[in-house]
2 protein chains.
Amino acid sequence: MRADGEIERTAVRSGPCARWPAEQGETIRQIVDRAGDKWTVLVIGTLQHGPLRYTDLQHAVTGISQRMLTHTLRQLQRDGLVTRTAYPEVPPRVEYALTDLGTTLLDAVTALVDWAGTHHDEIQDHRARYDSETTAR
Amino acid sequence: MRADGEIERTAVRSGPCARWPAEQGETIRQIVDRAGDKWTVLVIGTLQHGPLRYTDLQHAVTGISQRMLTHTLRQLQRDGLVTRTAYPEVPPRVEYALTDLGTTLLDAVTALVDWAGTHHDEIQDHRARYDSETTAR
DNA sequence: CTGAATCCTTTTCGATACTG
DNA sequence: CAGTATCGAAAAGGATTCAG
């Protein structure tokens, strides 16, 4: 391989992985990151059953803070994954719903969750063995 | 943090998404988080072409630090997604390779990356519109 | 070469308080 | 009801140094 005493320090910021996502690299990474985000997954997972209003979402997604719910919804809205509909009523009412695009993302994410569920035991087993090998002895 | 000693545990049973993470919840979330992790995705993506040694990985995954490469590899190894093979040679040589389990995860993640690639333009469009609507002020 | 350990900066996120 | 604004704790992550 490299026997020529020359070290390529280039390391240009051509993107973390030149041979994989390649093309639109940066944006792809952002999207994948978002798809793997805890709150994103839980929010769109909750919305799959139909539109919900802000407070209902907050109650359904146990443990989420107002700050994170708002932030997550803004991101999803910006990417066109959910819609925000405000009704000009006396007690304010705002409903969030998955878009078609959001639904397709949900499918992909669900596949990942299913994978996790399928191999849950196997992974737990590996972890237990790894931990016992490194901790004990 | 809370002095009242009551910390919300993932008691999802009462929410509308009872059919989702629910059961093994905690572990599932960890696994999905890992699958969405930037470095995890890049590392297993790089390993799909075959085993690589530490330094080669570091060069292939442009921008990763030693600290993160080591950390990521340990996690993957612990979960049984990659194997670590050390050869007792004078210049130490260590090779990392995807396991069968790791390959199946790669498939799921690749699906996600493909989704991102497919809808890249659409998302960019949504973002641009959203940003212009909020910037206009 | 393959890491482990340390330091230190950046980012993330929960808690809290306030508004239309 | 549906948020926004701010603060501090905590985690993530990069750079650097040392070791087997």
Side-chain angles (χ1 to χ4, degrees), chain A residues 1-3 5 7 9 11 13 16 29-30 33-34 36-43 46-47 51-78 82-97 130 134-135, chain B residues 1-10 29-30 33-34 36-43 46-47 51-78 82-97 134 137:
Chain A
M1 211 181 295
R2 38 77 205 132
I7 304 172
R9 63 188 41 210
R13 54 163 290 90
R29 198 181 68 65
Q30 291 176 7
D33 268 1
R34 181 144 315 150
D37 176 65
K38 171 186 178 180
W39 297 127
T40 295
V41 170
L42 293 176
V43 167
T46 301
L47 283 178
L52 285 177
R53 30 200 307 193
Y54 188 86
T55 305
D56 292 335
L57 263 174
Q58 191 175 6
H59 196 258
V61 182
T62 313
I64 197 171
S65 63
Q66 268 191 348
R67 189 182 180 283
M68 277 300 101
L69 178 56
T70 299
H71 183 249
T72 302
L73 287 171
R74 289 291 166 276
Q75 300 284 14
L76 294 174
Q77 189 185 346
R78 186 170 104 104
V82 306
T83 56
R84 176 184 184 278
T85 309
Y87 298 91
E89 301 175 352
V90 179
R93 182 164 62 97
V94 177
E95 282 193 347
Y96 292 92
Y130 181 92
T134 55
T135 300
Chain B
M1 307 317 163
R2 303 294 300 266
D4 55 348
E6 171 51 41
I7 301 177
E8 31 67 44
R9 60 189 62 197
T10 347
R29 200 182 66 67
Q30 291 175 8
D33 268 1
R34 183 143 316 150
D37 176 63
K38 172 186 178 179
W39 298 127
T40 295
V41 170
L42 292 175
V43 166
T46 301
L47 284 177
L52 285 177
R53 22 197 315 192
Y54 189 85
T55 305
D56 292 335
L57 263 174
Q58 194 174 3
H59 280 97
V61 183
T62 312
I64 196 171
S65 64
Q66 271 190 349
R67 190 181 181 283
M68 278 300 102
L69 178 55
T70 299
H71 180 71
T72 302
L73 287 171
R74 289 292 165 274
Q75 300 283 15
L76 294 174
Q77 187 186 345
R78 187 170 105 101
V82 306
T83 56
R84 177 184 184 275
T85 310
Y87 299 91
E89 301 176 353
V90 179
R93 182 165 61 100
V94 177
E95 281 193 348
Y96 291 92
T134 53
R137 180 63 58 91

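The chains referred to below are lettered A, B, ... by the order of the sequence lines, with proteins before strands, and numbering in each begins at 1. These figures come from a predicted structure and were not determined experimentally.
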How many whole angstroms separate atom [atom1] of [X] from atom [atom2] of [N]?
X       : N      : atom1 : atom2 : answer
A:Leu69 : D:dA5  : CG    : C1'   : 17 Å
A:Met68 : C:dT11 : CE    : P     : 15 Å
B:Gln58 : D:dA15 : CD    : C1'   : 12 Å
B:His71 : D:dG14 : NE2   : C1'   : 14 Å
B:Asp33 : D:dA12 : CG    : C1'   : 13 Å
B:Glu95 : C:dC1  : CD    : P     : 15 Å
B:Gln77 : C:dT2  : CD    : P     : 14 Å
B:Glu89 : C:dT2  : CD    : C1'   : 13 Å

**OP:** Report which part of the nucleic acid B:Tyr87 touches: base, sugar-phosphate, or nothing (heavy-atom distance under 4.0 Å, all strands).
**Re:** nothing
Original post:
Counting any heavy atom closer than 4.0 Å, what does A:Pro92 reach on the DNA or RNA strands: base, sugar-phosphate only, or nothing?
Top reply: base
Please state whether the phosphate of [N], meaning OP1 or OP2, lies under 4.0 angstrom from any side-chain nitrogen or oxygen of [X].
X       : N     : answer
B:Tyr54 : C:dA4 : no
A:Arg84 : D:dG3 : yes
A:Arg74 : D:dG3 : yes

Min side-chain heavy-atom separation [X]-[Y] under 4.5 Å:
X       : Y       : answer
B:Leu69 : B:Val61 : no
B:Gln77 : B:Leu73 : no
B:Leu57 : B:Tyr54 : no
A:Leu42 : A:Ile64 : no

**OP:** To the nearest 0.5 Å, tell me how far A:Lys38 NZ sits from B:Arg29 CZ.
**Re:** 4.0 Å
Nearest to side-chain heavy atoms of [X], which nucleotide of [options]:
X       : options              : result
B:Thr70 : C:dG14, C:dA4, D:dG3 : C:dA4
A:Thr55 : D:dC1, C:dT2, C:dT6  : D:dC1
A:Arg53 : C:dG3, D:dA2, D:dA15 : D:dA2

Original post:
What about A:Gln66: does its side chain form a donor-acceptor pair under 3.5 Å with the base of D:dA2?
Top reply: no
Subject >> Residue met sooner reading DNA chain D from 5', once A:Leu73 and A:Arg67 are mapped to nucleotides >> reply: A:Leu73
